[in-house]
2 protein chains.
Amino acid sequence: MSETKLTKNQSLVLAVLESHQSPLSAYSILDQLTDAGLRAPPQVYRALEKLIDYGLIHKLESINSYVACQHRHCGSHQVTSFAICDSCEHVSEIINAQFDKTLHELAENAGLTPKHSTVEIHGLCNACSGLEH
Amino acid sequence: MSETKLTKNQSLVLAVLESHQSPLSAYSILDQLTDAGLRAPPQVYRALEKLIDYGLIHKLESINSYVACQHRHCGSHQVTSFAICDSCEHVSEIINAQFDKTLHELAENAGLTPKHSTVEIHGLCNACSGLEH
DNA sequence: AATGTAATGTTATATCATAACGTTTTCAAA
DNA sequence: TTTGAAAACGTTATGATATAACATTACATT
Ligand SMILES: [Zn+2]
Ligand SMILES: [Zn+2]
Ligand SMILES: [Zn+2]
Ligand SMILES: [Zn+2]
């Protein structure tokens, strides 16, 4: 799966996401690609779907937005967790094998065999909460 | 906060959610309350917002749906996690103090002071995956 | 060249959620 | 008990997010 050649629209959408630190909505991505010839939502949503399949981007379910993966070279990860600043929108993608295991156990205790998890922690980053000097 | 008297619309919406095991969309709730006189989305969304504030229901961000709280008597909880079966839509609400702490640490390690977290584990419940005899 | 498959372009529509505004209800202070 | 502010309500309109459906194009395999 690793060395999939991206199509034109997939490359365009990925480039937009990679050029931003903050998450973007699908329609915001579309706006930024009108010059490149994109006109309609399906063109973006289809690219987003594939990029998510390839593990190159992630959807933040709690804010209906998309971000480029910050761990391109980690391979496909089971669980991806995000720390999201509600003030500046900075996003950190957290990968932690021990946490994956914890989440898996939590699911099994609840009688569920987990396939995919959404973990999105909202709060204030150090910069926004004045914790940085 | 505990003994808030609910308004008519809030009671109606809560009753619908409590009468279902599975999460419901806002419009599905509205459909079920036309006989009770509700006509328009804001009537449901306003009730949902208050019920969430009161901790009586939760929103499942990953499926744009709402469920009644399964821990009415646990008091207001910091972190609520859900195990969601993608086949039968059964939802388990998980409360685990140790996990709360883990999540908090994870956030702080990522430079974030956490305020609210979304944890939604998708998979197959034992019944749907044939693990029950 | 013929064929099949994936990607694309386009239109329309479904689904989820809120803005805005006027009216009614509630309820405590005067 | 009046009355006034706040909350809840009803209603219309619109914004925001996402997909269905279908015709066309690109492109690799034969
Ligand atoms: Zn990633
Ligand atoms: Zn910040
Ligand atoms: Zn709860
Ligand atoms: Zn199930």
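The figures that follow rest on heavy atoms only: side chains count, while hydrogens, waters and symmetry mates do not.
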Do the two ring centres, one from B:His58 and one from B:Tyr66, sit under 6.0 Å apart?
-> no
With distance as the sole criterion, do the side chain of B:Tyr45 and the base of C:dA19 form a donor-acceptor contact below 3.5 Å?
-> no
If you check the A:Arg46 side chain, which of D:dG10, D:dA8, C:dT10 turns out closest?
-> C:dT10
Do the side-chain N or O atoms of A:Asn64 get closer than 4.0 angstrom to the phosphate oxygens (OP1, OP2) of D:dA18?
-> yes
Whole angstrom value for the distance that separates C1' of D:dG15 from CG of A:Asp31 = 14 Å
Quick one: is B:Gln43 getting a side-chain N or O under 4.0 Å of the D:dC9 phosphate, OP1 or OP2?
-> no
Which of these nucleotides, C:dT10, D:dA18, C:dT8, is closest to any side-chain atom of A:Arg39?
-> C:dT10
d(CD, B:Glu49; C1', C:dT18) in whole Å | 10 Å
Between atom CG in B:Leu6 and atom C1' in C:dT26, what is the gap in whole Å?
-> 15 Å
More 5' along DNA chain D: A:Tyr27 or B:Pro42, using each one's nearest nucleotide?
-> B:Pro42
If you check the A:Ser25 side chain, which of C:dT8, D:dC9, D:dT17 turns out closest?
-> D:dT17
Does a sphere of radius 6.0 Å around NZ in A:Lys115 hold more than 12 heavy atoms from other residues, nucleotides or ligands, not counting ones at 6.0 Å or beyond?
-> yes
Protein-nucleotide distance (A:Lys50, atom NZ; C:dA6, atom C1'), rounded to Å | 8 Å
So which nucleotide from D:dG10, C:dT10, D:dA8 ends up closest to the side chain of B:Asn9?
-> D:dG10
Whole Å only: how far is the CG atom of B:Leu12 from the C1' atom of D:dG10?
-> 14 Å
When hydrophobic residues are tied together by side-chain contacts of less than 4.5 Å, even through go-betweens, does B:Ile57 share a cluster with B:Leu33?
-> yes
Pairwise side-chain contact, B:Leu6 with B:Leu51, heavy-atom cut-off 4.5 Å (strictly under) = yes
Do any side-chain nitrogens or oxygens of B:Lys59 fall under 4.0 Å of OP1 or OP2 in C:dA17?
-> yes
Atom-pair distance (CG on A:Leu33; P on C:dT10), nearest Å | 15 Å
B:Leu60/B:Val67 under side-chain contact (heavy atoms from CB on, under 4.5 Å): CA gap, chis, key distance, verdict = CA-CA 7 Å; B:Leu60 299 179; B:Val67 282; 4.2 Å; yes
Are any of A:Thr7's side-chain N or O atoms less than 4.0 Å away from OP1 or OP2 of C:dT8?
-> yes
For the pair made of CG in A:Leu30 and C1' in C:dT10, what is the distance, rounded to whole Å?
-> 13 Å
Please state how far atom CD in B:Gln10 lies from atom C1' in D:dA8, giving the value in whole angstrom units.
-> 8 Å
May I ask you to evaluate whether B:Lys8 reaches the phosphate of D:dG10, defined as a side-chain N or O under 4.0 Å from OP1 or OP2?
-> yes
